[in-house]
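Worksheet: one structure, shown below.
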Number of protein chains: 2
Amino acid sequence: MSTAEESAGAEAQPWGEVTPDAARRLLLAAVEAFAERGYHATTTRDIAGRAGMSPAALYIHYKTKEELLHRISRIGHQKAVEILRTAARAEGSPGERLAEAVSSFVRWHAGGRTTARVVQYELDSLGPDARAEILGLRRQVDAEVRGIIEEGVRSGEFDVIDVQGTTLAVLSLCIDVARWFNVDGPRTPEEVGALYADLVLRMVGARGAGPAQR
Amino acid sequence: MSTAEESAGAEAQPWGEVTPDAARRLLLAAVEAFAERGYHATTTRDIAGRAGMSPAALYIHYKTKEELLHRISRIGHQKAVEILRTAARAEGSPGERLAEAVSSFVRWHAGGRTTARVVQYELDSLGPDARAEILGLRRQVDAEVRGIIEEGVRSGEFDVIDVQGTTLAVLSLCIDVARWFNVDGPRTPEEVGALYADLVLRMVGARGAGPAQR
DNA sequence: GGGCGCGCTAAGCGAGCGCTCACCCTTGCC
DNA sequence: GGCAAGGGTGAGCGCTCGCTTAGCGCGCCC
């Protein structure tokens, strides 16, 4: 599996596990291109060009253009699950863990916006088999967040009627960051993460949430 | 055909203003196709086929494939502005108007998911001029929601630190409904609208929000 | 009732697509 | 030095794309 050099917040080398160096450069170029123009509008010539290689070089490392997207999507989703799982299994109250889950998840979507865009918005471009595999990872993402919220409800710290609907809304809020976040905009990923953590605590009716209590 | 799906959202005649009948049929076919596969993955032959016409017929009513997207995007954004403006200018407290704005906006995204998908996610497929025009409409959307929140803050009914950031989050939450909503899923557009209105009132710290008080 | 214009189609153009293939370099092992 | 192996390239295949053009049928006005 992955090396244990993981620390919260900092993605050291996101694509370090892609082993032949040329394959990693191609994958990185594909992430950029897919995020910028979308999967279908990206040509294999464009990907190879960004990686400084000829169009044919792509097919030495990947069978098809779709395999590139599949690999990107799988690695990205695994990273998402890992981020949420780390926050969910940390110590602290459900409110603290939910805040940490949301803020780190948002930081990932804002800071690695190119990757997150591909991961979250190009799912439909995958074939049926690949999509089915990725949907399994998405269910894990949902389960981690739902778990924290359920715990908070059980302990009385949260006040939520529709747990599944609220889980969906929380994830939806985080994921949509990848659509609108602008690196040149006025907010840093950290600021958005903090704002969103506060908003989510309010959504679940966490005792002590909001600025009025300070 | 699929015109029946529009009835749930109570949109009377969504594309009534598109005047030559064949042009409207082509536009409707394009909305379906763009929503299903994305703009770049949709062929002009597919659009014409869905409308029951030959590929060349498209170019009698539209100069290019992009003009179709532009028209759809403009009409859709105008509808979005209209929905929010109606709610913003209604009578009632800021909380009541914000709840109505969110629930009707969400109902539109869920009930007319095909249209909303194209409107919200295919903006980047437009050329620079068309995109600039649409971005103007988006600023109006933002201004309507921000206006309600500012009013609630001024009157003391809401408790919000970052008005612009919260506005962004509220709109983001509504818009992302178009990504995940499933017509065959367990929730109706009305249910999602009601849930989201409640969540948003909690986000702005509205006095009296949340189920505990009900 | 003949000419005209409108809405539409069949056929096809040039371009660019995903992908393949024959061949060329380097590298490392004997 | 001989040579196999594998990463890389230039050229190009078959195909489909967005879009164009020549022409057809038919309602309408004089």
Side-chain angles (χ1 to χ4, degrees), chain A residues 15-73 118 122-131, chain B residues 1 15 17-73 118 122-131:
Chain A
W15 305 103
E17 66 246 64
V18 185
T19 35
D21 180 75
R24 181 171 50 248
R25 277 189 295 135
L26 283 165
L27 199 114
L28 212 58
V31 169
E32 264 183 43
F34 291 162
E36 230 171 72
R37 307 139 103 96
Y39 175 77
H40 287 293
T42 298
T43 70
T44 54
R45 284 163 177 82
D46 183 22
I47 297 170
R50 285 175 194 246
M53 303 166 97
S54 76
L58 198 152
Y59 294 91
I60 296 165
H61 300 284
Y62 301 97
K63 228 176 59 179
T64 62
K65 176 178 145 186
E66 194 197 320
E67 193 192 323
L68 263 168
L69 178 61
H70 187 188
R71 283 261 240 278
I72 292 167
S73 196
V118 179
E122 297 293 347
L123 184 66
D124 290 343
S125 303
L126 288 170
D129 293 350
R131 181 158 62 239
Chain B
M1 283 301 171
W15 305 103
E17 65 248 64
V18 185
T19 37
D21 181 74
R24 181 170 51 248
R25 277 190 293 135
L26 282 165
L27 199 114
L28 212 58
V31 170
E32 265 183 44
F34 291 163
E36 231 170 72
R37 308 138 104 95
Y39 174 77
H40 287 293
T42 298
T43 70
T44 54
R45 285 164 176 83
D46 183 21
I47 297 170
R50 286 175 194 245
M53 303 165 98
S54 78
L58 197 153
Y59 293 91
I60 295 163
H61 300 284
Y62 302 96
K63 228 176 60 178
T64 62
K65 175 178 146 185
E66 194 197 320
E67 193 193 323
L68 264 169
L69 178 61
H70 187 187
R71 283 261 241 278
I72 292 167
S73 198
V118 179
E122 297 292 348
L123 183 66
D124 290 342
S125 304
L126 288 170
D129 293 349
R131 181 159 62 238

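Each chain gets a letter, A, B and so on, in the order its sequence line appears, and its residues count up from 1.
- Proximity of B:Ser73 to B:Leu126: side-chain heavy atoms (C-beta onward) are separated by under 4.5 Å at one or more points.
- Under 4.0 Å is where a charged nitrogen must lie from a carboxylate oxygen, and between B:Glu36 and B:Arg50 at least one such pair does.
- Pairs of residues two or more places apart, or lying in two chains, that qualify as ring-ring contact (aromatic ring centres under 6.0 Å, His included) and include a residue from residues 17-38 of chain A are A:Phe34-A:Tyr39.
- For the residue pair A:Ser125 / A:Glu122, a side-chain donor-acceptor distance below 3.5 Å is found, with atom types taken as modelled.
- Side chains of B:Leu68 and B:Val31 form no contact here, defined as non-hydrogen atoms less than 4.5 Å apart.
- Using a 4.0 Å cut-off between charged nitrogen and carboxylate oxygen, A:Asp124 and B:Arg37 do not count as a salt-bridge pair.
- Sorted by residue number, the members of residues 39-46 of chain B with any non-hydrogen atom under 4.0 Å from DNA chain C read B:Arg45.
- Across its full length, the helix from C:dG1-D:dC30 to C:dC30-D:dG1 shows an angle of 10° between the axes of its 5 terminal pairs at either end, rounded to 10 degrees.
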Can you tabulate the close N/O pairs, meaning under 3.5 Å, that link protein atoms to atoms of nucleotides 7-9 of chain D?
residue	atom	partner	partner atom	Å
D:dG8	OP2	A:His61	NE2	2.8
D:dT9	OP2	A:Ser54	N	2.9
D:dT9	OP2	A:Ser54	OG	2.9

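- Scanning both residues, B:Glu66 and B:Gly127, for their nearest heavy atoms gives OE2-N, 2.9 Å.
- Looking at heavy atoms from C-beta onward, B:Arg71 lies in side-chain contact with B:Leu27 at the 4.5 angstrom threshold.
- Applying the salt bridge (Lys or Arg N to Asp or Glu O under 4.0 Å) test to A:Asp129 and every residue at least two apart in sequence or in another chain returns nothing.
- Read 5' to 3', the first and last nucleotides of DNA chain C with an atom closer than 4.0 Å to a heavy atom of chain B are C:dC8 to C:dG12.
- At least one side-chain heavy atom of B:Arg24 sits under 4.5 Å from a side-chain heavy atom of B:Asp21.
- Atom P of nucleotide D:dC17 and atom OH of B:Tyr59 are separated by 11 Å, given to the nearest angstrom.
- Of all non-hydrogen atoms in B:Arg25 and B:Ala51, the two that sit nearest each other are NH1-O, 2.9 Å.
- Checking side-chain atoms of A:Tyr62 against main-chain N and O of A:Leu26 turns up no donor-acceptor pair under 3.5 Å.
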